[in-house]
Amino acid sequence: MKIYNTLTKEKEEFRPIEPGKVRMYVCGPTVYNLIHIGNARPMIFFDTVRRYMEYKGLKVNYVMNFTDVDDKIIKEAIEEGVEPSVVSERYIKECKKDMEGLQVQPATIHPKATEEISGMQEMIQTLIKKEHAYVAEDGTVYYRTRSFKEYGKLSHRNVDDLRTGNRALQVTGVDQKEDPLDFVLWKPKKEGEPFWKSSWCDGRPGWHIECSVMSKKYLGDEIDIHAGGEDLVFPHHENEIAQSEAANEKPFARYWMHNAFLNIDNKKMSKSLGNFFTVRDISEKYDLQVLRFFMLQAHYRSPLNFSAELMEAAKNSLERIVTATDNLKFLLKHTKAKEITKQETKEIKEAEAYQKQFEEAMEDDFNTADALSSVFELIKYINLHVNEKSSEEFLITLLEEVSTLMNICGIVVEKKEESLDIYVEQLIEERQAARKEKDFKRADEIRDILLEKGIVLEDTREGVKWKKV
RNA sequence: GGCGCCAUAGCCAAGUGGUAAGGCAAAGGUCUGCAACACCUCUAUCACCAGUUCAAAUCUGGUUGGCGCCUCCA
């Protein structure tokens, strides 16, 4: 299994610290609003990584945090006239609902920043003691960036090249940093803001320290994989490395994975451009599995463009896989052949090649686009080799293969058993009778009636197939 | 200004040295009473220029175009 590591800029063979086990941390969202489709990309992709690893028998300890203390949450809370926790709790709940729709499995643990304050204070204290941090006059604690010799190793920047103008100074208003590159570990409260007591001042943690601490607490000083969107490389992840490695005196994460952005009509998604979509928006028009499928069709390190047309295309593509699966189940219900034939045994072997191809793609830095193409090849193979004479075992084996592969992608292709009400069943029977009598006018009439009810009929050799749309 | 990424058919998108996966859309065809599904057929020399090599979409240099980070934005 190879992983592209931002740290080394190379694909490396993945070797977990503890054989058979994976410690993985994914930076989660700040919960001040519904998550947008950009947030969904890392959630979907890294969940797929996790699923593949589990499929390969690795035990994954998967941590995704919720940042629930932050300027934007506070701003939202003030606007609504409620406590910040009301806002954050609400959007954590909504986020989990969206994750469910996207088939993103809950993490092993979802820590919240506000519940980890004491750990953060401890780490800050350690950094102060080791002279990697200092307390300013107003109680703000800063990280002494230049004290960490390897600063810049993740984003591959030279400390001296970093632009030093600095907005942070303007925001703070006071120049109390020793160096413009220093960043905040702890900041004093402002009127009306939530705060925690500390020896430096009543205040709250900076953003970067949260992840260092939550990662340490739930996964240990050294972890296998740390992941997130590419915008987090600098400064967020760079700062996490500086904090964790300075405090723990151990290498922090072995592999750093970053997904590229999702753009809308070739532009960065932003509220000001009016091209902002929440996952909830999409769910009103599509099954969220379509969004998931759409994202997995591209390589995670390439920017991905989103548009209505592309969603339609993704929907149709996925439909092809679902239809084939559906067809297998339909045949399974009608087949009388119990015994698998020699020919079928041979064909199953051939079909297994696609599973192997799928794995090879995933082994190569989780090339989901390539992996999905082998699923399509499998689908074609199935469509060509399956018919009403196929044996039960043959059908089941193929069905399982498709399900297994799609399950790694986090997509459920086997529809739930649905039933029709008696009235509809009677209509279908009536139509069959009409067809037998060659009364096609009546037959088509019935088909149209059902279509209006969202039921599509297909005539096959084995009988009528129906599906709800 | 600094650092970095990308450019493959109408659209999306794999492919990092040996002669272009897959999907969507369109067209023609087979099957079907029709439709749908499925199947078959058809669609590219990989932005441009120069170079390295027996051989390049794939390596090197340049040009053009697009994008990202350097702002607690995934």
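Chain naming here is simple, since letters A, B, ... match the order of the sequence lines and numbering starts at 1 in each. Heavy atoms only: backbone and side chains are in, while hydrogens, waters and symmetry mates are out.
Atom CG of A:Leu232 is separated from atom P of B:G68 by 16 Å (rounded to the nearest Å). When rounded to the nearest whole Å, the span between CH2 of A:Trp256 and C1' of B:C69 equals 16 Å. Rounded to whole Å, the distance from OH on A:Tyr91 to P on B:A74 is 15 Å. When the C1' atom of B:A38 is taken as reference, atom OH of A:Tyr381 falls 17 Å away, rounded to whole Å. Rounded to an integer number of Å, the gap from NE2 of A:His36 to P of B:A74 is 6 Å. In this entry the distance linking CD1 of A:Ile382 with P of B:C39 reads 11 Å, nearest Å.
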- Nucleotide by nucleotide, 5' to 3', does protein get under 4.0 Å of the base (B), only the sugar-phosphate (S), or neither (-) in nucleotides 40-46 of chain B, counting heavy atoms? S------

- Would you mind building the protein contact string for nucleotides 12-19 of chain B? One character per nucleotide, 5' to 3', B for base within reach (heavy atoms under 4.0 Å), S for sugar-phosphate only, - for untouched. SSSS----

- How would nucleotides 27-32 of chain B be written as a contact map, 5' to 3', with B for base contact, S for sugar-phosphate-only contact and - for no contact, using protein heavy atoms under 4.0 Å? ------

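Nearest-nucleotide positions on RNA chain B place A:Leu372 closer to the 5' end than the other of A:Ala260 and A:Leu372.
Heavy atoms only, all atoms of each residue included: A:Ala337 and A:Thr335 are closest at N-OG1, 3.2 Å.
Within the nucleic acid shown, A:Gly228 comes within 4.0 Å of sugar-phosphate atoms alone, with no base atom in reach, counting heavy atoms only. Residue contacts shown for A:Glu377 are limited to sugar-phosphate atoms, with no base heavy atom under 4.0 Å away. Within the nucleic acid shown, A:Leu262 comes within 4.0 Å of at least one base atom, counting heavy atoms only. Note on A:Phe261: a base of the nucleic acid sits closer than 4.0 angstrom, heavy atoms only. Among the heavy atoms of the strands lying under 4.0 Å from A:Arg431 is at least one base atom, whether or not backbone atoms are also near. Counting any heavy atom pair closer than 4.0 Å across all strands shown, A:Lys465 reaches no nucleic acid atom. Nucleic acid contact class of A:Phe234 (heavy atoms, under 4.0 Å, all strands): sugar-phosphate only.
Aromatic rings from A:Phe294 and A:Phe306 are positioned such that their centres are separated by under 6.0 Å.
With salt bridges taken as basic N to acidic carboxylate O contacts below 4.0 Å, none links A:Lys187 and A:Glu193. In summary, A:Asp459 and A:Arg431 engage in a salt bridge, as defined by a charged side-chain N under 4.0 Å from a carboxylate O.
Of the residues listed (A:Trp207, A:Trp256, A:Phe183), the one engaging A:His236 in a ring pair (Phe, Tyr, Trp, His ring centres under 6.0 Å) is A:Trp207, and it is the only one.
Contacts between residues 318-333 of chain A and RNA chain B, counted as heavy-atom distances below 4.0 Å, involve A:Arg320, A:Thr323.
Rounded to the nearest 0.5 angstrom, A:Asn65 CG and A:Thr30 OG1 are separated by 8.0 Å.
Listed by chain and residue number, A:Glu360 satisfy the salt bridge (Lys or Arg N to Asp or Glu O under 4.0 Å) test with A:Lys356 (two or more places apart in sequence, or in another chain).
Stacking between A:Phe376 and B:G22 is absent: the ring centroid is not both under 5.5 Å from the six-membered base ring centre and under 30° in plane angle.
Judged by distance alone, with hydrogens and angles left aside, A:Arg301 brings no side-chain donor or acceptor close enough to the base of B:C5 to form a pair under 3.5 Å.
Side chain of A:His299 to main chain of A:Asn367: no donor-acceptor pair is present (N/O by atom type, distance under 3.5 Å, no hydrogens or angles).
Contact annotation: A:Asn383 does not reach the phosphate of B:A38 (side-chain N/O to OP1 or OP2, under 4.0 Å). Taking only side-chain nitrogens and oxygens, A:Asn316 comes nearer than 4.0 Å to OP1 or OP2 of B:A25. Within the 4.0 Å cut-off from OP1 or OP2 of B:C69, at least one side-chain nitrogen or oxygen of A:Lys268 is found.
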- Message: In dot-bracket form, 5' to 3', how is RNA chain B paired? Count Watson-Crick and G-U wobble pairs only if both distances fall under 3.5 Å, and write | where the partner sits on another strand.
- Response: ((((((((.[[[..)..(...]]]..((((.......)))).....[[[[[..)....]]]]])))))))....

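Nearest nucleotide to the A:Arg157 side chain, out of B:C34, B:C70, B:A74: B:C70.
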